[in-house]
Amino acid sequence: MPELPEVETIRRDLSPRITGKSFVALTLNWPKTVQNQSAEAFKQGLIGQTICGLDRRGKYLILRLASGDSLILHMRMSGSLLVEPGCESDPYTRTVFHLDDGSSLCFRDPRKLGVMWLVKDAGEVVGKLGPEPLDSSFTVAIFGERIGRRSAPIKAVLCDQGIIAGIGNMYADEALFAAGIHPLRPADNLSNGEAERLYAAMRQALERGIDCCGASISDYQRPGGQTGTAQAAFKVAHRKGQPCPSCGTPIERIPIRQRGSYFCPRCQPYRKRQSKRNKS
DNA sequence: CCCGGAACCTGAAGGC
DNA sequence: TGCCTTCAGGTTCCGG
């Protein structure tokens with residue numbers, strides 16, 4: 001499930017392999033992937049355009065085009081982008097981008113939840129996202145201020161793309177474990193010290209994920225077909241019943257907002273504070 | 001404004 | 001062995 005580290009890995013792998021190339025044809029096997037216009041208009045708008053660079057915003061991959069347009073892709077649950085020869089005939093390839101050097105870029109997506117846009121201004125798609133968690137401008141003060149305005153469970157707030165961009169289920173669970181915070185704690189109930197610990201844990205979890213080239217939990221694979229290795233370093237995510245690496249207590253799984261949340265009940269006790277942190 | 005839940009999807013896994 | 005149900009979760013939309 002591509003989150004920030006997985007999309008960043010895709011961006012880094014793909015950038016040298018497709019930058020400078022142009023689209024010469026498009027095969028759309030699942031037209032509903034196209035978001036803001038008809039599949040035919042999307043195809044005609046893209047053919048002839050040249051890729052001049054790749055950006056990432058949250059979990060969105062942005063292909064900057066020479067015209068100033070942006071081709072934006074979101075993998076959602078099961079999407080991956082592949083450049084390996086033969087990917088065109090994979091039964092789960094939903095879109096084939098044919099490039100001017102004879103190579104292909106394939107959008108493989110078994111569950112068909114992935115989406116893409118061709119827009120004049122990338123802000124039309126990514127404009128409502130919260131700040132990038134790894135930007136140097138994203139300080140602990142900004143983090144505390146943004147999560148401290150919400151009363152929802154901290155797990156849900158961490159995964160809210162409008163609060164912070166790029167964090168999903170896996171890395172939220174890892175960050176909360178590293179910070180020793182129960183996922184159901186109301187976000188506005190964390191102490192300043194807890195918010196500081198969570199900020200550091202979140203950034204470390206994401207950086208570690210990037211260093212490992214992402215986590216191959218389900219369908220995720222890198223553009224060259226390799227898998228990521230971050231899942232091996234996960235301490236709680238997708239480890240229900242396994243002993244906590246710190247204390248040996250079995251990892252539990254509870255649903256929060258229809259999502260599985262994995263945590264250690266001993267290392268992440270639910271201790272609600274009496275008074276709220278000072279706001280403003 | 002803010003919260004929680006349904007819908008979109010299909011392969012994998014578990015139950016009987 | 002095989003059918004059926006449940007689960008997986010990022011995002012958007014909707015109702016309270």
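In what follows, chains carry the letters A, B, and so on, assigned in the order in which the sequence lines appear, proteins first and then strands, with residues in each chain numbered from 1. Just so you know, these numbers use all the heavy atoms, side chains as well, and skip hydrogens, waters and symmetry mates.
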Quiz prompt | Partners passing ring-ring contact (aromatic ring centres under 6.0 Å, His included) against Tyr171(A) (at least two apart in sequence or in another chain) | solution = Phe234(A)

Quiz item: In whole Å, what is the span from the CE atom of Met75(A) to the P atom of dC9(B)?
Solution: 19 Å

Quiz item: Separation of Arg108(A) atom CZ from dC9(B) atom P, in whole Å?
Solution: 18 Å

Quiz item: So which residues get pulled into Ile254(A)'s cluster when ILVMFWY side chains under 4.5 Å apart are joined, directly or through others?
Solution: Leu184(A), Ile256(A), Phe263(A), Tyr270(A)

Exercise. Considering only Ile, Leu, Val, Met, Phe, Trp and Tyr, and joining two whenever side-chain heavy atoms are under 4.5 Å apart, list the other residues clustered with Leu82(A).
Key: none

Quiz item: Charged N to carboxylate O below 4.0 Å: is that the case for Arg185(A) and Glu194(A)?
Solution: yes

Self-check item: Pairing of Lys21(A) and Asp101(A) as salt bridge, 4.0 angstrom limit
Solution: yes

Mind listing the side-chain donor-acceptor pairs of residues 161-170 of chain A below 3.5 Å, one per line with the distance, residues two or more places apart or on another chain?
residue, atom, partner, partner atom, Å
Gln161(A), OE1, Gly166(A), N, 2.8
Gln161(A), NE2, Cys159(A), O, 2.9
Gln161(A), NE2, Ile167(A), O, 2.9
Asn169(A), OD1, Lys155(A), NZ, 2.7
Asn169(A), ND2, Gly260(A), O, 2.8

Quiz item: What pairs meet the ring pair (Phe, Tyr, Trp, His ring centres under 6.0 Å) rule with one or both residues in residues 184-217 of chain A, with sequence neighbours excluded?
Solution: Phe143(A)-Tyr199(A)

Report the residues that fulfil side-chain hydrogen bond (donor to acceptor under 3.5 Å, both in side chains) with [X], sequence neighbours left out, ordered by chain and then residue number.
| X | answer |
| --- | --- |
| Arg64(A) | Asp55(A) |
| Lys120(A) | Asp69(A) |
| Arg57(A) | Glu132(A) |

Exercise. Determine the contact category for Pro153(A): base if any of its heavy atoms lies under 4.0 Å from a base atom, sugar-phosphate if only primed atoms, P, OP1 or OP2 are that close, otherwise nothing.
Key: sugar-phosphate

Quiz item: Within less than 4.0 Å of OP1 or OP2 of dG11(B), is there a side-chain N or O belonging to Tyr92(A)?
Solution: yes

Quiz item: With respect to the phosphate group of dC3(B), does any side-chain polar atom (N or O) of Ser151(A) fall under 4.0 Å of OP1 or OP2?
Solution: yes

Exercise. Please list, by residue number, the residues of residues 164-176 of chain A whose heavy atoms come closer than 4.0 Å to an atom of DNA chain C; answer none if no residue qualifies.
Key: Asn169(A)

Quiz prompt | Nucleotide range of DNA chain C lying under 4.0 Å from chain A heavy atoms | solution = dA8(C) to dT12(C)

N/O-N/O pairs, protein side and nucleotides 6-8 of chain B side, under 3.5 Å:
residue, atom, partner, partner atom, Å
dA6(B), OP2, Gln258(A), NE2, 3.3

Quiz item: When you match Trp30(A) and Ala152(A) each to their closest nucleotide on DNA chain B, which lands nearer the 5' end?
Solution: Ala152(A)

Exercise. Please list all pairs passing the side chain to side chain donor-acceptor pair (under 3.5 Å) test where one or both residues lie in residues 108-117 of chain A, with sequence neighbours left out.
Key: Ser78(A)-Asp109(A), Asp90(A)-Arg108(A)

